[in-house]
There are 2 protein chains.
Amino acid sequence: MKEKATSFDIAHLAGVSQSTVSRALNNSPLVNLETRERVQRIAQELNYKVDKNASNLRKQKSSTIALLLFEDPTSDDSMINPFFLAMLGSITRACAKANYDLLVSFQNLEDDWHAEYEDSNKADGIILLGYGNYTDYQTKVAQLESQGTHFVRWGAPDKDHPGVSIGCDNYQGGQSITEHLIALGKKTFAFIGDNGVHAPEFMARYRGYTDTLEKHNLTAKSVQRNAISTEDDGSDAVRSLIECNELPEAIVCASDLIAMGALRALRRANINVPQDVAVVGYDNIAVSAYTTPALSTVQQNTNLAGELLVDTLLRAINNEKVEDYLMPADIIIRQSCGSE
Amino acid sequence: MKEKATSFDIAHLAGVSQSTVSRALNNSPLVNLETRERVQRIAQELNYKVDKNASNLRKQKSSTIALLLFEDPTSDDSMINPFFLAMLGSITRACAKANYDLLVSFQNLEDDWHAEYEDSNKADGIILLGYGNYTDYQTKVAQLESQGTHFVRWGAPDKDHPGVSIGCDNYQGGQSITEHLIALGKKTFAFIGDNGVHAPEFMARYRGYTDTLEKHNLTAKSVQRNAISTEDDGSDAVRSLIECNELPEAIVCASDLIAMGALRALRRANINVPQDVAVVGYDNIAVSAYTTPALSTVQQNTNLAGELLVDTLLRAINNEKVEDYLMPADIIIRQSCGSE
DNA sequence: CTGAAAGCGCTTACAG
DNA sequence: CTGAAAGCGCTTACAG
């Protein structure tokens with residue numbers, strides 16, 4: 001195993017100064033074409049790579065962005081929400097395309113994020129990804145902002161929220177799927193999911209749902225059940241619906257995971273979906289295509305989202321003006337709502 | 001937004017030299033307790049963080065490991081295999097526990113991995129994760145080794161393979177699930193999955209399967225169909241089984257994704273699982289618990305795997321002796337094999 | 001177009 | 001226990 005080559009080694013071999021090597025390797029137009037090619041050839045032969053630490057230290061930037069995945073402390077620790085995993089994939093790809101490295105880290109909301117702002121040195125900017133309660137981490141985000149850290153957050157844009165947000169139009173998603181159910185002739189509804197201030201995404205979906213019902217004069221027949229976001233929560237909520245004799249014609253779930261639980265509880269109670277009751281979810285996670293019946297749901301375009309997040313952050317890093325962006329939500333119709 | 005503080009700023013405020021600041025911040029026992037505490041307090045007040053680039057450059061290490069996720073070029077580009085996603089989660093957590101950062105990057109087998117050895121500067125070691133053909137990337141891995149790069153690979157340990165491998169016992173997994181089916185009284189079998197040299201994991205599962213059949217004198221009634229690893233492959237293979245009138249009592253799939261496709265093709269052909277035919281998968285991806293019927297499968301313990309991978313790599317980085325490790329595979333029995 | 005020199009912010013022998 | 005100094009490997013004004 002040879003010592004790792006430095007730019008001085010190349011300079012020596014190429015018969016030029018180390019400055020010229022650096023310029024040649026960075027494709028500076030200042031350097032003579034022939035010299036540049038010679039230097040690059042030698043660098044390749046030696047399998048030389050610039051030392052990122054040195055280069056970053058000198059340039060005072062890292063060409064790296066950090067992804068902070070924080071999970072709601074109530075969610076199942078062992079399994080990451082598949083939606084975030086999909087986002088992670090698209091973010092990874094978007095970073096690669098932009099020639100940025102991606103540092104990934106999981107955080108709990110309670111954690112001391114200091115461990116991560118520390119990344120202001122290791123990363124040029126931060127992507128914040130996770131559902132959860134604004135107010136819980138607002139102070140931390142505000143601190144990021146006051147430190148001048150560049151960051152973008154995944155979530156519903158919100159005037160009160162510091163920094164830039166990219167999100168999916170949860171209100172419109174809730175509207176669209178509810179409109180679809182109404183068009184299918186459903187008259188009574190239940191919504192399963194937290195509609196409180198602690199889950200703004202869910203709340204927006206809920207508002208889209210209730211506003212649409214209201215528009216069609218169907219509000220009176222709607223009930224709502226709380227469920228955080230796990231399968232068990234969904235199952236419990238549906239069981240309670242059954243026990244209270246409040247089972248409606250259509251159940252709108254705030255997430256696919258909740259809908260999985262709802263389907264399970266209905267199956268156990270020998271209630272047929274979609275014949276007896278229609279069920280819809282939200283997120284279009286991979287599983288939703290494989291349930292029986294396959295779940296109708298609302299899709300957030302994770303590929304687009306990843307690109308948008310990375311592009312926006314990169315523009316922010318370059319001190320360009322960046323703005324919130326709200327992506328449209330698309331409904332995916334499968335069997336669970338009985339449209340066929 | 002203030003300028004970022006440096007160790008000199010702290011030295012100035014604390015009335016000590018910059019060297020002492022550095023030592024105090026690194027908890028060097030050399031420095032007087034009182035001085036150390038004063039320095040640390042001031043550092044905290046200024047929200048000072050050591051510049052990782054400078055520190056890494058000086059120490060010539062990065063406290064970062066890189067994860068190279070390479071995907072088989074034949075697999076569906078848009079969706080990452082959920083198994084790898086689960087691994088990614090556990091690796092992320094294991095890194096965090098060890099106070100290492102994780103750089104994530106996706107690679108195609110065709111890619112020039114140079115872009116990543118480049119990480120020898122940015123990362124102290126590399127984790128290689130992905131199914132696929134050894135021979136395809138063997139030269140690249142050999143090059144990693146010859147450069148003295150520290151790396152660990154996820155996959156079946158193999159004497160011919162350069163470097164250290166951590167993997168799951170695919171042979172034993174194939175055995176266990178086949179034994180279970182035989183115990184249930186199944187007499188005729190089909191295996192769906194590539195059993196060639198290009199997919200060593202699948203081949204090991206296949207050998208576990210055939211050896212077990214042989215042990216029970218059931219070989220004659222076994223057929224094998226090729227399928228790379230996607231759902232469509234599994235569906236195609238089962239259709240062909242049906243068309244050729246070769247449908248057995250039990251179908252052993254080399255992966256859960258293949259099994260998903262198998263279930264779909266059987267449902268379309270109005271063949272009942274598990275009454276008419278038993279189906280089992282491999283991987284225990286999240287989806288497998290939600291199919292109808294729920295899929296019996298073989299689990300690789302991703303949490304343990306992530307920890308093992310990180311621990312082993314870290315030991316390799318410290319130039320400790322590291323060895324291949326083969327994790328046991330556990331069977332997960334659900335409804336699709338008709339045991340209930 | 002090229003070179004000599006400064007300096008990014010640390011850590012760590014070396015000397016006291 | 002502490003300080004002055006060197007140096008990690010680059011990039012980039014500055015001067016020619």
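The sequence lines fix the lettering, A, B, ..., with proteins before strands; numbering per chain opens at 1.
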* To do: Walk me through it: do A:Trp154 and A:Leu128 pass the test side chain to side chain contact (heavy atoms under 4.5 Å, CB included)?
  => CA-CA 6 Å; A:Trp154 170 257; A:Leu128 261 22; over 6 Å; no
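- One atom, CD of B:Gln60, and another, C1' of C:dG9, lie 14 Å apart when rounded to the nearest Å.
- Take A:Asn301 and apply the side-chain contact (heavy atoms from CB on, under 4.5 Å) test, not counting sequence neighbours, and it matches A:Asn303, A:Leu304, A:Met327.
- Side-chain N/O atoms of A:Ser7 include none lying less than 4.0 angstrom from OP1 or OP2 on D:dG9.
- Residues from residues 13-22 of chain B placing a heavy atom under 4.0 Å of any atom in DNA chain D, listed by number, are B:Val16, B:Ser17, B:Ser19, B:Thr20.
- Helical stems in DNA chain C, defined as runs of 3 or more consecutive Watson-Crick or G-U wobble pairs with donor-acceptor distances under 3.5 Å: C:1-3 with D:14-16, C:5-12 with D:5-12, C:14-16 with D:1-3.
- Separating the CG atom of B:Asn27 from the C1' atom of C:dT11 is a distance of 15 Å, rounded to the nearest angstrom.
- Atom-to-atom, CG of A:Asp51 to P of D:dC8 comes out at 11 Å; the value is rounded to the nearest Å.
- Listed here is the closest heavy atom pair of B:Leu309 and B:Arg153: CD1-O, 4.2 Å.
- In summary, the side chains of A:Gln60 and B:Asn53 do not present any donor paired with an acceptor at a separation below 3.5 Å, with no hydrogens or angles considered.
- The distance between atom CG of B:Asn56 and atom P of D:dC10, rounded to the nearest whole Å, is 15 Å.
- Between A:Ile91 and A:Leu67 the shortest heavy-atom distance is CD1-CD1, 4.0 Å.
- Under the side chain to side chain donor-acceptor pair (under 3.5 Å) criterion, A:Thr312 pairs with no residue at all, not counting sequence neighbours.
- Rounded to a whole angstrom, the distance from the C1' atom of D:dG16 to that of D:dT12 is 16 Å.
- For B:Pro29 and B:Ala54, each mapped to the nucleotide of DNA chain D holding its nearest heavy atom, the one lying further toward the 5' end belongs to B:Pro29.
- Ion pairing between a basic and an acidic side chain is recognised when a charged N comes within 4.0 Å of a carboxylate O; B:Glu307 and B:Arg93 show no such pairing.
- For B:Arg58 and D:dG9, the CZ to P distance is 10 Å, given to the nearest whole Å.
- Within the structure, the salt bridge (Lys or Arg N to Asp or Glu O under 4.0 Å) test picks out the following pairs touching residues 16-44 of chain A (sequence neighbours left out): A:Arg41-A:Glu45.
- For the pair B:Ile10 CD1 and C:dG9 P, the interatomic distance rounds to 13 Å; values are reported in whole Å.
- Regarding contacts with the backbone of C:dT11, a side-chain N or O of B:Asn26 is found under 4.0 angstrom from either OP1 or OP2.
- Residues passing the side-chain contact (heavy atoms from CB on, under 4.5 Å) test with B:Lys59, sequence neighbours excluded: B:Ser55, B:Lys61.
- For B:Ser17, the side chain to side chain donor-acceptor pair (under 3.5 Å) partners at least two apart in sequence or on another chain are B:Thr20.
- The separation of D:dG9 from D:dA13, taken at their P atoms, amounts to 23 Å, rounded to a whole angstrom.
- Within the structure, no pair that satisfies the side chain to side chain donor-acceptor pair (under 3.5 Å) test touches residues 316-327 of chain B, not counting sequence neighbours.
- When the P atom is used for both C:dA5 and C:dC1, the distance is 24 Å, rounded to whole Å.
- Between the NZ atom of A:Lys52 and the C1' atom of C:dG9 there is a distance of 19 Å, given to the nearest Å.
- Residues passing the side-chain contact (heavy atoms from CB on, under 4.5 Å) test with B:Thr302, sequence neighbours excluded: B:Phe83, B:Ala86, B:Met87.
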Expected rows: protein N/O vs nucleotides 14-16 of chain D N/O, under 3.5 Å:
none

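- Rounded to whole Å, atom P of D:dT2 lies 14 Å from atom CG of B:Leu25.
- Contact check, B:Tyr48 against C:dC10: a side-chain N or O comes under 4.0 Å of OP1 or OP2.
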